[in-house]
Amino acid sequence: AMRGAADRERFSYEVGLLERPTPPGMVRDTLEVAIGAGTRDWERAKEGISHWAHFNLGWAGVVAGERPPEPGLDVVIHATLLGVHVTPVCRVIRTHDEEAATGARFGFTYGSLESHVETGEELFEVTRTADGRVSYRIEVVARPGRWYTRLARPLVDRYRGRFRLDSAEAMRRYVAG
């Protein structure tokens, strides 16, 4: 569900980070993994993105109601890190659903709001090549947004890496299911 307070929050940075060179002090990470092949897997992968399956991790999840990603949607993420429960909020900036002879891509980008412990943007998408291979891709440009996340940056980076891998595995399971 959308959180009332989040409606008034602003982005914690200038939107468009993923389209620009990585600013000093920020990290750009990308993960792309094969999750299937063929029309069935492509449709399941798109459905998985629309149903937030990539957040079905056990230790982390998302509250967006039953709504698929759409521009302006505020999303409350819940995660437990070292026994501490955190609920950062992001806002969907844009979605894309593109088909071409060379392949297709489907997904969305969201950005951190002021209450988030990190500052940045993240892209989640599935892609299909002309020969039918289906992949899941995450790209993030971010930096710690609080003094305590700056202090614990190696740990924050480790959890971000764990999230990417667990998220890819969740999409693999969803597509196979």
Where do I35 and V126 land on the side chain to side chain contact (heavy atoms under 4.5 Å, CB included) test, with the steps shown first? CA-CA 9 Å; I35 58 170; V126 288; 4.1 Å; yes

Any side-chain heavy-atom pair from [X] and [Y] closer than 4.5 angstrom?
| X | Y | answer |
| --- | --- | --- |
| P69 | Y110 | no |
| E125 | I49 | no |
| R128 | E99 | yes |
| L123 | H96 | yes |
| V33 | L31 | yes |
| E70 | V92 | no |
| L113 | D74 | yes |
| Y174 | N56 | no |

Which pair of heavy atoms, one from [X] and one from [Y], lies closest together, and at what distance?
| X | Y | result |
| --- | --- | --- |
| G36 | D41 | CA-OD2, 3.3 Å |
| G25 | R143 | O-CB, 3.4 Å |
| F163 | E122 | CE2-OE2, 3.9 Å |
| E121 | L18 | OE1-N, 3.2 Å |
| I93 | Y13 | CD1-OH, 3.3 Å |
| P68 | L73 | O-CD2, 3.5 Å |

Give me the ring orientation class for Y136 and H54: parallel if the planes are under 30° apart, tilted from 30 to 60°, perpendicular past 60°.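 Tilted.
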
Does any N or O in the side chain of [X] come within less than 3.5 Å of the main-chain N or O of [Y], such that one atom is a donor and the other an acceptor?
| X | Y | result |
| --- | --- | --- |
| W52 | R67 | yes |
| E9 | E114 | yes |
| S112 | G120 | yes |
| R44 | M171 | no |

Same hydrophobic cluster for [X] and [Y], using side-chain heavy-atom links shorter than 4.5 Å among ILVMFWY?
| X | Y | value |
| --- | --- | --- |
| V15 | M26 | yes |
| V27 | L165 | no |
| L17 | F11 | yes |
| V62 | V140 | no |

The reported gap from NE2 in H78 to NE2 in H85 (rounded to nearest 0.5 angstrom) is 6.5 Å

Nearest 0.5 angstrom please: F108 CZ to D97 CG, how far? 13.5 Å

Just wondering, more than 12 heavy atoms not from R158 lying within 6.0 Å of its CZ?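 No, the 6.0 Å shell around CZ holds no more than 12 heavy atoms from other groups.
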
Salt bridge (charged side-chain N to carboxylate O under 4.0 Å, His left out) contacts touching residues 11-23 (sequence neighbours left out): E19-R94

Hey, mind stepping through L57 and E169 against side chain to side chain contact (heavy atoms under 4.5 Å, CB included) and telling me if it holds? CA-CA 9 Å; L57 309 182; E169 185 54 36; over 6 Å; no

